[in-house]
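Structure first, commentary second.
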Amino acid sequence: KVVGCLQQRLVDIIDLSLQLKQAHWCVVGNNFRAVHLQLDEIIVDTRAASDEIAERIAALGVAPDGRVNTVSQRTNLPEPSGSFASAQQTVTTVADRLQATIDGLRDSIGKLGDLDPISEDMLIAISGPLEKHLWMVQSQEIQ
């Protein structure tokens with residue numbers, strides 16, 4: 001159960017990182033530079049998180065699976081657009097993807113409490129920076 005929770009979080013965070021990079025390359029228009037740079041800041045945290053989760057899975061004696069086919073088949077995130085998008089559209093998309101990833105982390109945190117407090121603590125530590133990024137991204141959305 002523990003590895004199953006962690007493996008799903010690994011898949012979603014790898015996909016989030018890839019989608020953020022796609023958005024980084026395809027953002028255009030007003031506020032391009034700010035959003036472009038902000039995405040790279042978030043990517044640093046998502047890549048560190050995926051590495052931490054993968055290494056925890058390995059420490060539990062199972063080979064983590066971050067292969068592209070596994071990620072594409074098992075992700076909970078919607079497929080990204082391959083087109084250019086305005087900074088505002090990008091902000092909305094990124095906020096949605098971050099929220100979905102955080103929801104998955106919170107779900108796994110709830111399941112891991114009694115099973116493996118170390119993995120639970122790790123996911124809590126990963127959630128904090130992602131929630132901060134979500135707040136900063138959402139603060140840019142037009143109301």
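Only heavy atoms go into these numbers, but all of them, side chains included; no hydrogens, no water, no symmetry mates.
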| said: Side chains of Leu112 and Asp121, heavy atoms from C-beta outward: is any pair under 4.5 Å? | reply: no
| query | With distance as the sole test, does Thr93 use its side chain to make a donor-acceptor pair with the main-chain N or O of Thr90 at under 3.5 Å? | reply | no
| said: So Ser119 and Leu60, do their side chains get closer than 4.5 Å, heavy atoms only? | reply: yes
| field | Lys1 and Lys111, any side-chain heavy atoms less than 4.5 Å apart | value | no
| message | Once side chain to side chain contact (heavy atoms under 4.5 Å, CB included) is applied, do any residues pair with Glu55, and if so which ones, sequence neighbours excluded? | response | Asp51
| query | In Å, rounded to the nearest 0.5 Å, how long is the span from CG of Leu20 to CZ of Arg47? | reply | 9.5 Å
| task | Could I get the full list of salt bridge (charged side-chain N to carboxylate O under 4.0 Å, His left out) partners for Asp116, not counting sequence neighbours? | result | Arg56
| said: Just so I know, are the side chains of Gln38 and Gln140 near enough to count as touching, which here means a heavy-atom distance under 4.5 Å? | reply: yes
| said: Can you tell me how far apart CD (Gln7) and CG (Asp65) are? Round to the nearest 0.5 Å. | reply: 5.0 Å
| task | Measure from the side-chain N and O atoms of Glu120 to the backbone N and O of Gly110, and report whether any donor-acceptor pair falls under 3.5 Å. | result | no
| field | Heavy-atom side-chain contact between Ile102 and Ser127 under 4.5 Å | value | no
| Which residues share a ring pair (Phe, Tyr, Trp, His ring centres under 6.0 Å) with Phe32, sequence neighbours left out | His36
| field | Residues which pass salt bridge (charged side-chain N to carboxylate O under 4.0 Å, His left out) with Arg97, listed by chain and number, not counting sequence neighbours | value | none
| task | Go through the side-chain N and O atoms of Gln99 and Asp103 and say whether any donor and acceptor fall under 3.5 Å apart. | result | yes
| field | Any Leu10 side-chain heavy atom under 4.5 Å of Ser50 side chain | value | yes
| With a 3.5 Å cut-off and no angle check, do the side chains of Gln89 and Thr92 form a donor-acceptor pair? | no
| Leu6 versus Val62: any side-chain heavy-atom pair under 4.5 Å? | no
| request: State, with a plain yes or no, whether a side-chain heavy atom of Ile13 is found less than 4.5 Å away from one of Ile126. | output: yes
| note | In this structure, CD of Gln138 is separated from NE2 of His133 (nearest 0.5 Å) by 13.5 Å
| message | Determine whether a donor-acceptor pair (N or O, by modelled atom type, separation under 3.5 Å) exists between the side chain of Ser72 and the backbone of Asn69. | response | yes
| task | Name all residues meeting the salt bridge (charged side-chain N to carboxylate O under 4.0 Å, His left out) criterion together with Asp12; count only those two or more places apart in sequence or in a different chain, and write none if there are none. | result | Arg9
| request: First locate atom CG of Leu123, then atom CD1 of Ile118, and finally report the distance between them rounded to the nearest 0.5 Å. | output: 12.0 Å
| said: Any side-chain to backbone donor/acceptor pair from Ser17 onto Ile14? Under 3.5 Å, distance only. | reply: no
| remark: Hits for salt bridge (charged side-chain N to carboxylate O under 4.0 Å, His left out) against Asp40, two or more places apart or cross-chain, chain-then-number order -> Lys21
| message | Atom CZ of residue position Arg106 - does it have more than 12 heavy atoms of other residues, nucleotides or ligands inside 6.0 Å? | response | no
